[in-house]
Amino acid sequence: MEKSLARYIWKNTRLQQLWILLVVAASMVPYFLSFDLPKQIVNGPIQGDGFEGPGARQTFMHIAYDIPLIGHVELFKGLELNRLQMLMALSLVFLALVVLNGLFKFYINTYKGRLGERMLRRIRFELIDRVLRFPPAHFKRVKSAEIATMIKDEVEPMGGFTGDAFVSPALLGGQAVTALAFIIIQNFWLGMIAAAIVGVQAVVIPRMRKRLLELGRQRQLTARELSGRVGEIVEGIGTIHGNDTSNLERADIATRLGRIFSIRYDLYQWKFLVKFINNFLAQVTPFLFYAIGGYLALQGRLDIGQLVAVISAYKDLPGPLKELIDWDQMRQDVQVKYAQVYEQFNVEPLIDSRIQELARTPIAPLTSALVVTNLSVSDDSGARLVDHVSVEIKPNETVAIVGPNGSGAEAFAEALGRLVWPDSGRITIDGQDLLELPESITGRRISYASAESYFFHGTLRDNLLYGLKHAPMKEPEYDGKAAQEYKWYVAESQKAGNPTLDLNSDWVDYTAAGANGPEDLLKAIRPVLDAVMMSQDILDLALRSTVNTEVHTALGSHIVELRRSLRERLAKENLDAIVVPFDFDSYNAQATVGENLLFGTMKRPLMNNRRLAGHPYFQQLFRDTGLSTDLYAMGLEIAENAVELFHDLPPDHPFFQQLTFMTADDIPTYQALLQKLQGKRFEDATPEDRASIIRLSFAYIEPRHRFGLLTQALMDKIVDARKQFHENIPSDLAELIERYDISRFTASASLMDNVLFGRIAYQQADASDRIRVIMGELFDALDLYDDVLSIGLEFDVGSGGKRLTGVQRQKLNLARTLLKRSDYFIFNRPIPALDQRIQDQITRNIIEGLHEEGKRPAIIWVLSNAKLAEIFDRVLLFDRGNLAEAGNYPELSEKNGMFKELLS
């Protein structure tokens with residue numbers, strides 16, 4: 001990595017910089033002419049110089065040169081023009097020069113901008129490339145938020161400076177020198193005055209700005225530290241809440257913000273002091289020009305045209321000069337930033353770039369043994385975790401590693417998985433050091449899983465298949481405009497030093513997963529999910545999801561058959577009462593009042609409860625049917641009962657889990673509202689208060705809440721209102737509400753609601769679990785299980801997989817590892833969140849699954865339960881970083897040693 005930003009820029013953009021410098025040099029010619037032309041206009045046609053006699057004419061645009069060895073060459077004789085014609089011609093030339101100078105600026109600035117953005121793209125990619133090559137131990141010493149801030153924000157000015165690095169001093173300096181030279185040509189003393197002021201600005205202002213640079217560096221460091229601290233708060237929010245340290249964090253943040261404020265305030269004071277002095281110096285010069293230049297003009301030593309030209313030229317002098325000083329400040333500022341970036345990213349030793357080279361061809365299986373020779377591993381404090389261990393693991397062998405926590409078993413597995421680098425010793429395969437093997441080999445033929453896992457923001461499918469996305473397997477086909485855009489993308493990527501890999505390609509290595517393509521990938525995924533006991537979790541996610549029938553056409557067409565099969569199955573097992581079906585003419589006691597009234601689902605987010613309640617048709621229906629007063633009275637009773645029963649309970653009391661209409665935080669609000677409404681009629685309450693009370697009744701379910709508020713008369717009234725609602729529903733509302741229909745699929749409802757077409761009875765014990773089991777069997781019977789599984793795999797796991805439970809994350813990590821079908825599998829206590837019985841079952845499932853159909857990859861498993869070692873070929877027992885015992889299970893279990901103690 002280049003230590004100097006200027007060298008880095010020149011190294012990567014020298015050809016472009018040379019071209020734009022040539023353009024800048026060419027732009028100086030019309031720039032100089034634009035200064036001289038006002039003098040010609042004033043002295044010539046305006047004051048009459050050369051047009052003394054009547055009918056006098058002058059030659060315009062006579063182009064002739066005296067060339068050595070050739071002689072006088074006349075290119076254009078010119079045009080004979082009178083005074084008025086010459087005025088118009090010179091004015092038009094002046095306008096043309098203005099346009100030409102503007103076009104030069106437009107081209108130069110556009111070219112600079114493109115050059116800067118291309119360099120910004122290059123440096124950001126190179127920094128991220130270096131992050132991908134950092135040694136594993138380095139990530140323990142850096143904060144991810146700080147690294148992200150540097151790549152995103154701190155290198156941003158470097159992109160803008162790239163275009164200005166060489167062009168701006170040439171362009172601005174050239175303009176300033178051109179203007180100054182023109183002034184000196186017109187009058188030596190006026191030129192000297194301008195030069196003196198320019199000299200003061202060029203010397204004094206940069207010296208004063210050194211303080212600005214130091215303050216800017218401090219601001220950058222404190223802002224980056226703040227970003228890292230905020231990242232820590234987000235990541236450790238559970239620890240903060242669990243230890244009541246939120247006010248400590250507030251104090252820390254307030255202190256940091258105070259420090260940043262102090263630095264920024266000093267920065268502003270110094271910045272505007274420098275600006276004041278710079279502006280003062282810039283305004284002193286016109287005063288001197290008017291005074292001294294006017295005096296010289298009165299003395300006849302300077303003509304009016306020259307004075308006008310000098311003043312006009314000086315108007316263009318402070319601008320380039322100020323921008324040149326600003327450029328110098330930017331240069332120093334970005335150099336400081338670049339130095340900080342260099343310090344942060346100049347990490348040694350980096351992983352060799354050849355280790356991460358793209359490999360599109362299939363990787364041959366590893367058929368040699370994994371040989372560990374004299375391996376030693378230490379932690380960051382220097383404590384020895386693994387101490388001179390030597391062992392050989394054969395390709396088809398299953399090895400159990402056991403030992404108490406801190407025994408070195410986990411560190412040994414991490415070394416095999418290349419997550420830590422040895423202090424001494426080697427791990428080799430076929431004589432090659434594991435650390436020197438390309439990741440295309442270790443990342444495909446060796447799989448590692450532990451309890452620590454990370455999932456990227458995306459779907460379950462994306463994260464499950466992540467281990468199969470090593471290289472583009474099939475390039476996309478583009479045509480028309482898309483093809484042109486892709487060509488442009490490739491060209492720009494090459495110019496910016498970025499790879500031209502297309503993210504839209506199909507990156508999934510289906511063959512590695514045991515599939516032929518995307519159409520049969522689920523056949524390979526399902527056994528893996530079954531092995532880690534995650535299929536039911538994904539089925540539950542699918543049942544709670546809405547279904548896009550344009551993608552999952554089979555489910556939409558089979559929904560009626562599924563409903564009928566479910567009814568038949570429930571009747572056959574005498575479970576009819578477990579589900580209460582929807583009936584347009586009847587009130588469903590297991591559904592909420594709102595669901596009974598609507599008898600359908602809203603197409604969110606286009607329609608929600610608040611918008612529906614505010615719709616004129618809905619409000620008119622409430623008034624016509626009298627439901628508004630009935631549900632208001634019902635809501636008041638719900639509020640009174642809830643406040644009376646639960647106002648003394650702590651917020652985390654399990655009773656609140658049964659309330660669908662009110663949370664623990666709502667209790668004080670409704671307590672105050674009841675006092676406000678006491679003794680008031682429905683008509684006396686404000687619309688907001690009525691809505692708050694009626695809202696409670698919408699979520700009420702009699703069998704669940706048991707307040708005894710739903711009479712048969714009220715239920716009949718709600719059914720009648722339902723019929724009236726759907727009978728006269730306006731078109732705009734009908735488009736946003738899907739009415740339940742037993743003969744068709746309801747797209748805005750969940751898959752479970754579609755299959756049930758009703759509600760599960762709350763009185764039935766384990767009703768939900770029994771329904772899920774039956775549904776799974778029905779999906780299998782109708783060959784729809786893969787479709788349902790595919791819906792569950794579309795679940796968004798959230799940032800870092802946080803929408804999944806800890807158990808689900810560990811299962812998913814294990815499934816992702818198994819899907820690669822590697823030659824060596826290393827499992828480092830991968831599922832500690834599960835109870836021991838489930839851990840043992842998953843371990844047996846995996847070993848049986850990996851060793852079926854004649855396949856027998858090597859399996860190395862750090863076990864939490866030593867008794868499970870009986871299903872492995874060999875046992876390695878670690879104690880205090882040493883390999884204490886090794887052998888097969890029968891030998892070690894009979895021997896009076898440490899392993900026997902672990903079994904007891």
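Counting begins at 1 with the first residue of the sequence. Computed from a predicted model, the values in this text were never measured in an experiment. Side-chain atoms are counted along with the backbone in the values below, which use heavy atoms only and exclude waters and symmetry mates.
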Give me the ring orientation class for F872 and W861: parallel if the planes are under 30° apart, tilted from 30 to 60°, perpendicular past 60°. perpendicular
With under 30° as parallel and over 60° as perpendicular, where do the rings of Y454 and F456 fit, or are they tilted in between? perpendicular
Taking only residues two or more places apart in sequence, or in another chain, which ones meet [X] in a side-chain contact (heavy atoms from CB on, under 4.5 Å)?
| X | answer |
| --- | --- |
| A471 | L358, R360, R444 |
| D835 | R837, I838 |
| T442 | R418, L434, L437, E439, I446 |
| P527 | none |

Short question: side chain of [X], backbone of [Y] - any donor-acceptor pair under 3.5 Å?
| X | Y | value |
| --- | --- | --- |
| E414 | A411 | no |
| S450 | E452 | yes |
| N346 | E343 | no |
| E392 | V371 | no |

Check whether more than 12 heavy atoms from other residues, nucleotides or ligands sit under 6.0 Å from atom [atom1] of [X], and answer yes or no.
| X | atom1 | result |
| --- | --- | --- |
| E475 | CD | yes |
| K867 | NZ | no |
| Y466 | OH | no |

Kindly determine whether K523 and D520 satisfy salt bridge (charged side-chain N to carboxylate O under 4.0 Å, His left out), including the steps that lead there. CA-CA 5 Å; K523 303 293 185 201; D520 67 340; over 6 Å; no
Do [X] and [Y] have side-chain atoms, one donor and one acceptor, less than 3.5 Å apart?
| X | Y | value |
| --- | --- | --- |
| R816 | S453 | no |
| D879 | S407 | no |
| N516 | Y510 | no |
| S376 | D423 | no |

Quick one: do [X] and [Y] make a salt bridge, cutoff under 4.0 Å?
| X | Y | answer |
| --- | --- | --- |
| R772 | D769 | no |
| D840 | R844 | no |
| E249 | R229 | yes |
| K900 | E894 | no |

Can you name the residues that form a ring-ring contact (aromatic ring centres under 6.0 Å, His included) with F779, not counting sequence neighbours? none
Only counting residues at least two apart or in another chain, list the ones meeting side-chain hydrogen bond (donor to acceptor under 3.5 Å, both in side chains) with D430. none
Could you state the interatomic distance from CD1 (I525) to CE (M534), rounded to the nearest 0.5 Å? 11.5 Å
For salt bridge (charged side-chain N to carboxylate O under 4.0 Å, His left out), just list the numbers for K469 and D509, CA-CA rounded to whole Å, side-chain angles, deciding distance to a tenth of an Å, and then say yes or no. CA-CA 6 Å; K469 299 178 180 180; D509 188 350; over 6 Å; no
Non-hydrogen atoms of F899 and L877 that approach each other most closely: N-CD2, 3.5 Å
Just do the salt bridge (charged side-chain N to carboxylate O under 4.0 Å, His left out) check on D780 and R526 with the steps written out, would you? CA-CA 12 Å; D780 248 341; R526 187 171 171 184; 3.0 Å; yes
Measure from NZ or CZ of R445 to the centre of the six-membered ring of Y824 and say whether it is under 6.0 Å with the direction within 45° of the ring axis. no
